[in-house]
Undergrad: 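What follows is a structure written as structure tokens; I'll ask about it next.
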Number of protein chains: 2
Amino acid sequence: MVSTLRQVAERAGVSVSVASRSLNGHAKAYRISEATVLRVKAAADQLGFRPSHTARSLRLKKTGLVGVVVPDLANAFFASISRTIALAAEAEGYSVIVADSREQTEHEVRLLHQLEARQVEAFVVCPVGSEDAHLRQIDGRGTPVVLADRTFPDCGLLQVTSQHRRGARQATELLTAKGHRLIGVLQGLPGTLPNDQRLCGHAEALAKVGISMDHSLVAGDNFTEASGYVSAKRLLAERPDLTALFAFSTPNAMGALRAAAEAGRSVPEDLSLVTFDDCPYADLMRVPLSTVCQDVERIGQLAAELALRAVTGSARKKTQCRHDVETRVIVRDSISSVRN
Amino acid sequence: MVSTLRQVAERAGVSVSVASRSLNGHAKAYRISEATVLRVKAAADQLGFRPSHTARSLRLKKTGLVGVVVPDLANAFFASISRTIALAAEAEGYSVIVADSREQTEHEVRLLHQLEARQVEAFVVCPVGSEDAHLRQIDGRGTPVVLADRTFPDCGLLQVTSQHRRGARQATELLTAKGHRLIGVLQGLPGTLPNDQRLCGHAEALAKVGISMDHSLVAGDNFTEASGYVSAKRLLAERPDLTALFAFSTPNAMGALRAAAEAGRSVPEDLSLVTFDDCPYADLMRVPLSTVCQDVERIGQLAAELALRAVTGSARKKTQCRHDVETRVIVRDSISSVRN
DNA sequence: TACCTGGGCACAATCGTTTGTGCAGAGACG
DNA sequence: CGTCTCTGCACAAACGATTGTGCCCAGGTA
């Protein structure tokens with residue numbers, strides 16, 4: 001703390017209150033003379049005065065902080081979301097505290113409480129797991145919670161997510177259009193809305209070509225590379241007749257690529273692959289993956305807006321609390337036609 | 001703010017000071033009876049009391065905040081550093097505020113001041129540009145600044161960076177060992193220590209095989225993909241006899257790959273490529289790049305430690321303020337022997 | 001009884017702001 | 001000359017915690 005308002009006031013020869021009002025533009029309203037205002041400002045400049053955000057927060061009951069909790073900040077998807085939120089928040093004078101829940105609900109809960117104690121004004125959370133009680137509880141206590149990416153149906157919280165069902169339908173259609181009928185699914189975390197909606201979309205696309213979904217072709221328990229690898233390995237071993245895989249995340253797809261290589265199946269010749277989400281430099285990969293990618297920037301932007309609106313807007317409308325961002329199909333080389 | 005200490009105190013039938021001391025473990029030192037402590041704790045529990053971090057910060061002059069300023073949070077390298085810092089900070093009860101300077105000094109300065117006003121207790125900065133005056137100024141005002149990745153020689157600040165010179169020497173040796181003698185360099189931001197040290201290392205490796213560095217073979221002005229692309233394009237056009245390129249960053253290398261493709265040079269057959277830094281899934285790229293990769297985790301970890309030590313440690317030792325983290329050579333397929 | 005000691009607690013200042021209110025002096029007006 | 005209305009500012013109470021100090025009472029001792 002270099003200098004306080006009191007010092008500025010003393011140097012300008014006025015009281016603290018006058019100094020405060022002079023610097024905050026409340027001069028006219030409180031009949032402070034132009035000359036005094038100038039004196040105060042000069043004093044503040046000379047002292048390099050920077051108001052204590054802490055004191056101000058205490059007095060105004062406004063910390064200007066947004067809490068962002070993501071499962072893995074090193075993951076390009078979450079890093080990008082965090083970045084967008086940080087930029088959007090900064091534009092409105094807010095700062096963001098990021099916390100990494102390491103894909104564990106236990107940590108998520110702890111971090112949320114920690115940030116709550118810091119009186120963040122709003123949360124943007126990319127939740128782990130399939131429990132939302134703690135999130136609803138926090139929202140109920142007064143700090144608005146915005147869910148991004150992984151959302152929960154009917155939980156009453158503000159949500160931003162992608163059009164998972166439509167996206168997955170499009171992805172699967174890329175495969176069925178090329179004649180694929182036996183498609184393995186490397187799913188993410190079952191029970192989460194993105195996962196389950198994608199399963200729906202997948203089933204819809206299959207239904208369009210007259211086949212119903214075979215749940216034995218669905219494997220995986222998380223959005224991680226490990227899950228993708230293990231599931232792909234198993235599926236490829238159990239069902240060698242599979243001609244294509246649909247991975248629900250980039251890590252899932254990367255795991256699948258490794259499993260495919262080990263199984264001696266080359267992509268796309270012996271196995272087609274389509275995925276959800278994109279990754280940087282995907283076009284420079286050995287197998288440029290066809291994908292349905294999410295509009296990460298837009299998700300982050302929307303989430304930030306919702307969070308900030310929830311804070312500033314006095315009337316918190318709970319109506320239309322869910323936003324579904326459009327997905328975009330990117331066709332690359334990872335899909336080949338089925339040979340008869 | 002659900003409930004305050006005062007409410008807890010009232011409910012327990014004691015004064016605020018007793019309540020505070022009971023909850024903070026100062027009971028014995030202030031002769032507060034066991035029974036009272038229990039009453040207070042019970043009251044706190046019932047009310048779901050969470051002390052206001054803001055008030056505490058004001059009183060204790062300790063915000064428990066660390067400011068992290070990076071050029072691009074969406075960049076895997078910085079995302080990873082941020083993550084490590086966040087985890088390390090959290091382990092010590094600190095939280096991190098991240099800010100994205102968008103690769104512009106102007107933003108960096110603004111963000112630093114903003115965070116300074118928030119009374120962060122320490123900074124970890126991956127600076128943009130080659131100016132360090134503002135950083136030294138802030139450090140001088142009392143908030144310790146730790147530089148990570150891009151550091152400045154002799155600036156007196158705590159620094160964590162990689163062994164750029166040694167790393168670059170190793171990288172170039174990968175090329176010279178395969179017979180390459182005409183090596184183009186796609187550099188990053190000139191004037192920054194990482195860049196200039198890498199140039200040194202490159203020169204050293206060349207000297208070992210008896211040739212001196214040709215500065216006309218060095219191009220580029222930033223660590224971005226655009227810089228890599230443009231410089232590679234130019235170098236390949238001007239000097240078709242180049243047999244290899246050394247890119248100073250992953251984005252540089254990706255730009256080079258695109259430029260090479262456009263120039264009809266395939267890697268590694270017609271052009272070898274080695275790079276600094278790694279990227280996720282690099283082994284799954286079309287051209288798995290040989291690289292000298294930095295230990296991002298360690299850099300983040302060390303930076304966090306230095307920052308936190310600087311805060312807690314009363315004696316701020318300015319000695320040995322620079323840490324050079326080891327690099328690791330990863331050989332992949334992007335280098336071929338020079339055919340005579 | 002007078003004195004001392006120590007236990008158990010309350011009071012009040014403090015951190016650095018913001019903001020409601022009060023008070024003095026100057027001029028206007030009758 | 002008294003009253004009224006501005007002007008221009010100072011005082012002081014918050015915000016929610018921490019912490020130095022003071023007070024009171026009980027029990028032990030001389």
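Quick note on labels: first sequence line is chain A, next is B, and so on, each numbered from 1.
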Undergrad: What stem regions, each of at least 3 consecutive Watson-Crick or G-U pairs below 3.5 Å, can be found for DNA chain C?
TA: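 Expected stems, ordered by start: C:1-30 with D:1-30.
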Undergrad: D:dG16 C1' sits how many Å from B:Leu5 CG, rounded?
TA: 8 Å
Undergrad: For residues A:Thr54 and B:Gln119, is any side-chain donor paired with an opposing acceptor at under 3.5 Å?
TA: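 A:Thr54 vs B:Gln119: donor-acceptor pair found between side chains.
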Undergrad: Could you give the CG-to-C1' distance, from A:Leu23 to C:dG16, as a whole number of Å?
TA: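 Whole-Å distance recorded here is 13 Å.
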Undergrad: Can you find a side chain N or O atom of A:Lys61 that sits less than 4.0 Å from OP1 or OP2 on D:dA14?
TA: no
Undergrad: Could you check how far CZ of A:Arg118 sits from P of D:dA17, rounded to whole Å?
TA: 15 Å
Undergrad: Is any side-chain heavy atom of A:Phe223 closer than 4.5 Å to a side-chain heavy atom of A:Pro71?
TA: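 Contact flag for A:Phe223/A:Pro71 side chains = no.
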Undergrad: Tell me the interatomic distance from B:Leu58, atom CG, to D:dA14, atom P, rounded to whole angstroms.
TA: 17 Å
Undergrad: Quick one: does A:Arg118's side chain have a donor or acceptor within less than 3.5 Å of a partner on B:Gly64's backbone?
TA: yes
Undergrad: Could you check whether A:Glu90 and B:His107, counting side-chain N and O atoms only, form a donor-acceptor pair closer than 3.5 Å?
TA: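 There is no such pair (donor and acceptor under 3.5 Å, judged by atom type) between the side chains of B:His107 and A:Glu90.
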Undergrad: Between A:Thr143 (side chain) and A:Glu121 (backbone), is there a donor-acceptor pair under 3.5 Å?
TA: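 Checking the backbone N and O of A:Glu121 against the side chain of A:Thr143, no donor-acceptor pair under 3.5 Å is found.
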Undergrad: Using a 4.0 Å cut-off on protein heavy atoms (strictly under), produce a 5'-to-3' string for nucleotides 7-13 of chain D with B for base contact, S for backbone-only sugar-phosphate contact, and - for none.
TA: BBBBBBB
Undergrad: Rounding to an integer number of Å, can you tell me how far A:Lys62 NZ sits from D:dG16 C1'?
TA: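 Going from NZ in A:Lys62 over to C1' in D:dG16 covers 18 Å.
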Undergrad: State, without any angle test, whether B:Thr151 and B:Arg322 hold a side-chain donor-acceptor pair at a distance under 3.5 Å.
TA: no
Undergrad: Side-chain donor-acceptor pairs under 3.5 Å in residues 26-37 of chain B, sequence neighbours left out?
TA:
{"from": "B:Ser33", "atom 1": "OG", "to": "B:Thr36", "atom 2": "N", "distance (Å)": "3.3"}
{"from": "B:Ser33", "atom 1": "OG", "to": "B:Thr36", "atom 2": "OG1", "distance (Å)": "2.8"}

Undergrad: What's B:Leu60 touching, base or sugar-phosphate or nothing? Going by heavy atoms closer than 4.0 Å.
TA: sugar-phosphate
Undergrad: Calculate the interatomic distance between B:Gln7 atom CD and D:dC15 atom C1'; express it in whole Å.
TA: 13 Å
Undergrad: Can any side-chain N or O of A:Ser57 pair as donor or acceptor with the backbone N or O of A:His53 at less than 3.5 Å?
TA: yes
Undergrad: Side chain of A:Ser80, backbone of A:Val296: donor and acceptor closer than 3.5 Å?
TA: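 Side chain of A:Ser80 to backbone of A:Val296: no pair is present.
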Undergrad: Could you work out which one of D:dA17, C:dT17, C:dT19 sits closest to the side chain of A:Phe49?
TA: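 Ranking D:dA17, C:dT17, C:dT19 by closest atom to the A:Phe49 side chain puts C:dT17 first.
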